[in-house]
Amino acid sequence: MSAPCQQPAAPPAASVPPLTPAPAIRRPAVDWRIRFAALSLIWGFSFLLIKVGTQGFAPFQVTLGRLLAGTAVLAIAMAMRRERLPRSARTWGHITVAAFFLNALPFSLFSYAELTIPSTLAGICNATSPLWGMALSVVALSEDRPTRRRVAGLGVGFLGVLTVLGAWQGFSGLDLPGTGMALLASFSYAVGWIYVRRTLAGTGSSTLTLTGSQLFVGTLQLAVVTPVFTSAPDTFPLLPTLSVLALGALGTGLAVLLQYGLVQEVGPTTGQMVTYFIPVIATAAGVALLGEQLTWNTPVGAVIVLAGAALTQSRPSTTTAARTRTAGDRTKRLSRM
């Protein structure tokens, strides 16, 4: 809702991937498939909750309330598990940067974007995060070499984006600033994940500790910004207030705990598959509950985006990787002759 050594690909709302392998834990009573479905629903409905929240509060207020509720949930979880906060000033510095790119900035951008664009479009824009991550990893992560399949996925994915936006119509009827903010939010997630992977992996702190600390710092960042750009609300309308609380407690708090447990139990490859259900649920929720209009190019483009995102996350098989290394070794030996 959202790295390190092995990160899930682009969860939207929480956006905090697992950083450090956790010790073995007792298998939960609830089957992982049920928790997977619950996580998909929670994150898929997040965009609807943002839309409803902005009908009663300013975007920065929505983000601040969301972060407060999410931090409270993780603080309770940390207390129950007796987790300790990081002690290193350097670690807190990296957490501050991560909180900005993974929480404060993208959460605020999505809230502002949904003032003018449908929640369905915001959910689909969120699905572009793996594409941005793939493009950035080519430059930022030397060990994450692109393959032909992943480069093809990048091209397919952005073709899907153009389809969603109706590029052949000259983006007619599209709110460009709002759409741009939603795409920038997804780009921010990708920047944050790469930063976290390069700076916070192997710190010795658990994922839960780093996630809770990150949300806490993000809350402080919004607590500074919000009073500068908004005035205190005169009223707290029921539906927007409940939406913001649900967005934080469920979409930013509980969802992180669900994702954390899923990755531990079934691994990051299966855990990351939730990414591909989010835009489907966001679209269904926006059309069914908010009455948002849907033209043919939106679902078609979304399918193309998800296909491209899936390709960018693919990895060569062990056999293929071994053959590639062998070929590379032969090339190096020949170059020395």
Side-chain angles (χ1 to χ4, degrees), residues 1-49 66 69-83 102 123-124 126-127 129-130 189 193 206-212 214-215 242-243 245-286 288-289 302-303 306-307 309-310 313-315 317-318:
M1 159 237 159
S2 251
C5 310
Q6 291 179 313
Q7 86 242 36
S15 56
V16 186
L19 292 159
T20 340
I25 58 173
R26 185 178 62 181
R27 184 177 295 274
V30 180
D31 185 80
W32 73 266
R33 296 170 186 84
I34 297 176
R35 287 178 284 126
F36 182 96
L39 181 60
S40 301
L41 285 171
I42 289 171
W43 272 338
F45 270 86
S46 291
F47 298 95
L48 179 147
L49 294 174
R66 171 185 189 173
T71 301
V73 170
L74 291 193
I76 293 171
M78 290 172 63
M80 292 177 63
R81 299 183 188 184
R82 298 181 179 180
E83 296 278 356
L102 289 175
I124 293 170
N126 177 81
S129 289
Y189 284 141
W193 291 326
S206 71
T207 302
L208 179 59
T209 295
L210 291 171
T211 301
Q214 180 181 307
L215 288 182
L242 292 177
S243 294
L245 291 176
L247 180 64
L250 299 179
T252 310
L254 177 61
V256 170
L257 298 177
L258 287 174
Q259 183 201 22
Y260 177 70
L262 280 171
V263 171
Q264 280 186 302
E265 184 174 346
V266 299
T269 301
T270 301
Q272 76 180 11
M273 293 301 294
V274 69
T275 303
Y276 307 115
F277 290 88
I278 292 169
V280 177
I281 295 170
T283 299
L289 299 179
V303 170
L306 293 178
Q313 298 304 303
S314 64
R315 295 291 187 276
S317 64
T318 304

If I take atom CD1 from residue I278 and atom CG from residue L41, how far apart are they, to the nearest 0.5 angstrom? 10.5 Å

With rounding to the nearest 0.5 angstrom, report the CG to CZ distance, L247 to R66. 4.0 Å

Non-hydrogen side-chain atoms of L250 and F45 separated by less than 4.5 Å: no

Spatial distance of atom CE (M78) from atom OG1 (T71) [nearest 0.5 Å]: 10.0 Å

Looking at A127 and A309, what are the two nearest heavy atoms and their distance? O-CB, 4.2 Å

In the structure I gave you, are the side-chain heavy atoms of F277 and L39 within less than 4.5 Å of one another anywhere? no

Atom pair CD/CG of E83 and L74 - distance to nearest 0.5 Å: 11.0 Å

Pairwise distance CG(L48) to CD1(I281) - rounded to 0.5 angstrom: 12.0 Å

Considering non-hydrogen atoms only, spot the tightest contact between G251 and S46 and give its length. CA-OG, 4.2 Å

When every non-hydrogen atom of A69 is compared with those of A249, the smallest separation belongs to CB-N, 3.6 Å

Are any non-hydrogen side-chain atoms of V274 and Q259 less than 4.5 angstrom apart? no

Hey, can you tell me if F36 and W32 have their rings parallel, tilted or perpendicular (30° and 60° cut-offs)? perpendicular

Looking only at heavy atoms, what is the nearest atom pair of Y189 and S129, with distance? CD1-OG, 3.7 Å

Rounded at 0.5 Å granularity, tell me how far CG in L254 sits from CD1 in I42. 4.5 Å

Beyond-backbone contact of L257 with L208, side-chain heavy atoms, under 4.5 angstrom: yes

